[in-house]
Every structure is written in structure tokens, then in C-alpha cells.
Participant: 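Submitted below is the structure of interest, expressed as C-alpha cells.
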Amino acid sequence: MKIYPKTISEARNLLKSRSMSSVELTQMYLDRINEMDSQIHAYLGVYDDVLDQAADADAQIRAGIDLPLLGVPISIKDNIMFQGHTASAASKILGNYIAPYNAHIIDELRRAGAVLIGRTNMDEFAMGGSCENSAYGPTHNPLDISRVPGGSSGGAAASVTADMCVAAIGTDTGGSVRLPASFCGLCGLYPTYGSTSRYGLIAMGSSFDQAGSLGRSVDDCATLFTVLSTYDARDAQSIPIANRKQILSEVKKIGIPRSLIAMDGVSEVVRSEFERLLNELKTKGYEIVDIELPHITASVPTYYIIIPAEASTNLSRMDGIRYGVRAKGVDLLDIYMNSKGEGFGPEVQRRLLLGAYVLSAGYYDAYYGKATQVRELIRQEILKTFETVDVILTPTATSGAPLIGAKSDPVAMYMMDIFTVPANLSGCPALSVPFGQDGSIPLGMHMMAPHWGENRLFTLGRDIESLNNQ
Ligand code: GLN
């Protein structure tokens with residue numbers, strides 16, 4: 001039986017001790033993908049130069065070079081551009097699109113020695129929470145293939161859980177790294193907005209999007225965060241290093257937004273496992289306090305007004321002329337309409353229509369304008385709360401991974417995001433760590449810290465992780 005390294009440090013130890021070469025390790029994962037991925041469908045494609053990357057890593061290892069990810073196979077979500085390789089955002093419209101340049105984070109991963117193994121399935125243009133909205137068919141949860149892996153970075157999570165790579169890079173606009181982490185028994189980080197460059201990411205919601213990491217341990221998320229969170233002048237929202245005031249203080253006081261946890265749709269098992277966690281944390285000496293965030297229950301409607309607006313703006317460039325697949329038509333307008341009509345799936349079309357509507361002259365004030373005001377209220381409330389508590393703790397999801405097809409109503413799907421979107425609305429970092437079970441299905445717990453408070457998340461996250469091992 002093959003033993004797959006579970007974490008980046010396990011993989012690095014194997015490679016450093018020369019128990020295995022990166023080519024051997026990579027080949028082991030490629031074999032696994034060949035054997036298993038027809039059932040899981042985590043990958044849309046394996047990069048054709050992956051073994052060359054591994055051979056290159058081996059040469060560096062032989063030369064005594066030590067880098068944080070040297071020789072470690074990592075999967076890449078299909079909306080991140082890796083030069084010369086397809087990046088389709090799991091959409092038909094970009095089915096033939098070859099990335100003309102590297103995303104900043106791809107350069108950072110390569111500089112850190114990572115072997116980029118393949119591109120992972122996702123909800124089309126990152127719109128969804130289950131990975132069922134891919135134009136190329138759903139990904140299945142490796143822990144129970146009748147269930148979804150979560151989304152939109154569902155392929156990313158499945159690729160790690162199914163031992164088809166060591167760790168994964170996803171993107172998170174409203175929970176797309178953390179929800180799949182929760183459903184697949186992994187850790188997932190959404191970092192402070194502005195910490196990782198969006199250059200070369202296929203945009204969904206520009207004021208929310210960040211690249212995030214998925215791995216089996218909090219340490220893996222921390223390692224990937226260090227690699228990815230560098231300044232990049234090509235992203236206007238990338239924050240210069242001098243302005244990143246890392247918070248180093250410890251976590252003592254944990255705030256619980258009871259109004260969110262009391263919302264309809266949160267399963268009883270999730271509530272009881274959450275209470276069990278609070279008791280464990282109290283025993284460990286943490287102070288647990290209830291907090292009031294009066295507008296936080298409006299997070300989902302606020303998010304689902306602003307996101308379609310930003311997405312419809314970002315995706316207007318996908319017109320069949322400048323990018324991707326062009327449909328036939330009798331004139332230019334016909335080509336536009338046919339390309340978008342044939343190229344975009346139902347959820348993307350829904351959001352483009354909604355976005356155009358909420359931004360239209362007649363409805364801007366009533367919807368988009370109001371939503372941006374509510375977003376600011378929520379942001380202020382969250383930041384104010386961090387004057388009295390160190391971390392805000394909730395479950396990550398309202399339930400364990402749903403069955404495939406169970407959330408076919410779009411609003412039911414949107415409601416799965418109630419615990420994750422407040423971080424994106426406020427730009428605050430958040431981490432999901434596995435804790436508890438619903439039967440055989442893992443659950444995740446979600447902690448949010450003030451801007452640049454990643455260290456707090458890692459500290460508390462490691463403590464929660466250690467409870468699982470007791
Ligand atoms: N489920 C959310 C949505 O559909 C989040 C997606 C994401 O983070 N990319 O918008």
C-alpha cells in the first residue's frame with residue numbers, strides 16, 4: 001500500500017531525507033489521479049510539464065537548496081492563470097483559453113519550489129457553493145461520493161482529501177475555500193483582503209476575491225500564506241508590506257455572534273458540535289463571550305446584491321470577441337448574444353442579469369447603493385467588535401456536506417454562506433478548521449480575526465486541531 005504524505009512538512013521531510021524524489025512523489029499522485037479521478041472529478045486537467053517541474057525541483061534538492069515548497073505537488077484552481085496552460089474557470093466560454101501570463105501567486109509558488117500538478121474543477125467563474133455549477137460536471141466528495149465537496153473550490157478540496165496532491169490553492173470570494181474545507185475535512189484560509197495579489201486571477205467579485213489555501217493542517221495554510229502574501233504593484237489593492245500591521249497578540253477572548261447561529265437552516269448537529277467546542281475551549285482557558293452584531297444577519301442578501309454587480313462588470317469582457325469561444329451569428333450583436341448564451345451556464349447567466357439589474361439607473365439606489373451602505377455598516381460593526389474580542393467564532397457551514405442535487409434551489413445554496421461571507425464583506429481573514437462530525441461527515445469551525453490577524457487564527461486553529469487528536 002502506498003503511503004501519501006499528509007502535510008507539506010511530511011512531504012518536505014520525505015524529499016529532504018531523499019527517501020523519495022519529487023519525480024517519484026509526483027508520479028505517485030499522477031497514478032492516483034489516473035486510478036481515482038474518474039469517480040471524483042477533482043481535476044479538469046493535469047499540467048503537461050508537471051514531471052519537468054518535479055525534475056527541476058530534484059536538481060535543486062540535489063544542489064542543497066531548501067525552499068518552503070520545494071518539490072511538493074500542489075493543485076491549482078482553474079481560475080488562476082499558469083502561463084501556457086488552459087485556465088477555463090470551469091466555463092465553456094473559456095474552454096479554449098490558454099493563460100498568456102502567470103498570476104502573481106503562480107510566480108510565488110514556483111519561486112518557493114512548488115510542483116504545480118494540475119487545474120482543479122470549480123463552480124463556473126467561482127459562482128456557487130457545491131462545485132455542481134461547473135460546465136464540465138460536478139466534483140464528488142471523496143469522503144462520500146454521493147455528496148458535494150463544497151464550492152466553489154470543490155476540486156481543490158477534493159484533490160487534497162483524495163490524496164491526489166499535498167495541498168491546494170483556491171480562491172475565496174464569499175467562502176469558496178472555507179466551505180469546501182469544511183465539507184472535505186480540511187483547513188482552509190481566506191487571508192486579509194489585499195494580502196495576496198489578484199493579478200492573473202479570473203475575477204469574480206473584485207472587492208472580495210483573494211487566493212486562499214487548503215491543506216490538512218493549520219501549519220500548511222500558514223506556510224502557503226507566507227508564500228502567497230507578498231506585495232504586487234500590478235494589483236491596485238495589494239497592500240505595501242510597510243502598511244501590513246501584523247497582529248502578534250494572543251487569543252484570549254472569543255466572541256460568539258448568537259444571532260447568526262440562531263438563524264433558520266443551521267442544523268442541530270452543527271449547533272451541538274459548536275457548543276461542545278465552546279466547552280472544550282473554556283476548559284483550555286479561553287474566555288467565551290456573546291457578541292451583538294445587529295446587521296450581520298443581512299450579510300447574505302448584501303453579498304448577493306454586490307457580487308452579481310461586480311461579476312456582471314468583470315464578465316462583460318467575455319463577449320466571444322476578445323476571449324474564448326465565439327459562437328456564430330449574423331451580426332455583431334448576434335455573436336455577442338449567442339456567445340454568452342451558449343458559453344455561460346445558468347448560474348452565471350442568473351448573476352449577470354441580476355447584476356445588470358441592480359446597477360441599472362432605475363434600481364441602483366434601491367439595491368446596489370443600499371447594499372454597499374449595509375456592507376459598510378457590517379464592516380464597521382465587525383471592526384468595532386474586535387476592540388473587545390480577539391476572534392469571532394462560528395461554525396463554517398450550516399450542515400455537513402449536502403447530497404449532490406440537494407441544493408438545486410439557488411437561494412438554498414446561497415444560505416449555506418451565512419457564516420463565511422461576513423469575512424469577505426469586511427476584508428477580515430478567516431480560517432476553517434475541522435472539528436466534530438455529522439455521522440461520518442466532517443464539520444468545520446470558522447474563526448475570523450481583524451485585518452492582519454492571521455497569527456491569531458493559526459494559534460486558535462492549532463488548538464482546535466489538537467482537540468481532534470485527543
Ligand atoms: N458561494 C459563494 C458564491 O456563490 C461564494 C463563492 C466564492 O467564494 N467564490 O458566490
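One-based numbering, in listed order, for ligands and for the atoms of each.
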Participant: Consider ring-ring contact (aromatic ring centres under 6.0 Å, His included). Of Y101, Y97, Y47, which one does F82 pass it with?
Facilitator: Y47
Participant: Applying side chain to side chain donor-acceptor pair (under 3.5 Å), can you list everything that pairs with E381, at least two apart in sequence or on another chain?
Facilitator: H295
Participant: Taking distance alone, no hydrogens or angles, what donor-acceptor pairs closer than 3.5 Å link side-chain atoms of residues 221-231 to residues at least two apart or in another chain?
Facilitator:
unit_1, atom_1, unit_2, atom_2, d
T223, OG1, D219, O, 2.9
T226, OG1, A222, O, 2.9
S229, OG, F225, O, 2.6
T230, OG1, H104, NE2, 2.8
T230, OG1, E108, OE2, 2.4

Participant: Just list the N/O pairs, ligand 1 to protein, that are under 3.5 Å apart, with the distance for each.
Facilitator:
unit_1, atom_1, unit_2, atom_2, d
ligand 1, 1 (N), G128, O, 3.1
ligand 1, 1 (N), Y304, OH, 3.4
ligand 1, 1 (N), D417, OD1, 3.4
ligand 1, 1 (N), D417, OD2, 2.9
ligand 1, 4 (O), G128, N, 2.8
ligand 1, 4 (O), Y304, OH, 3.2
ligand 1, 4 (O), R351, NH1, 3.4
ligand 1, 4 (O), R351, NH2, 2.7
ligand 1, 8 (O), T173, N, 2.7
ligand 1, 8 (O), G174, N, 2.6
ligand 1, 8 (O), G175, N, 3.3
ligand 1, 8 (O), S176, N, 3.0
ligand 1, 8 (O), S176, OG, 2.6
ligand 1, 9 (N), A126, O, 2.9
ligand 1, 9 (N), S152, OG, 3.4
ligand 1, 9 (N), T173, OG1, 3.4
ligand 1, 9 (N), S176, OG, 2.6
ligand 1, 10 (O), Y303, OH, 2.7
ligand 1, 10 (O), R351, NH1, 2.8

Participant: Check each of D235, I105, N79 against L201 using the side chain to side chain contact (heavy atoms under 4.5 Å, CB included) test, and report the only one that passes.
Facilitator: I105
Participant: Please report, to 0.1 Å, the donor-acceptor pairs under 3.5 Å made by any side chain of residues 411-419, with sequence neighbours excluded.
Facilitator:
unit_1, atom_1, unit_2, atom_2, d
Y414, OH, E347, OE2, 2.7
D417, OD2, Y304, OH, 2.5

Participant: Looking at F208, I'd like to know if the NZ or CZ of R375 sits under 6.0 Å from its six-membered ring centre while staying within 45 degrees of the ring's axis.
Facilitator: yes
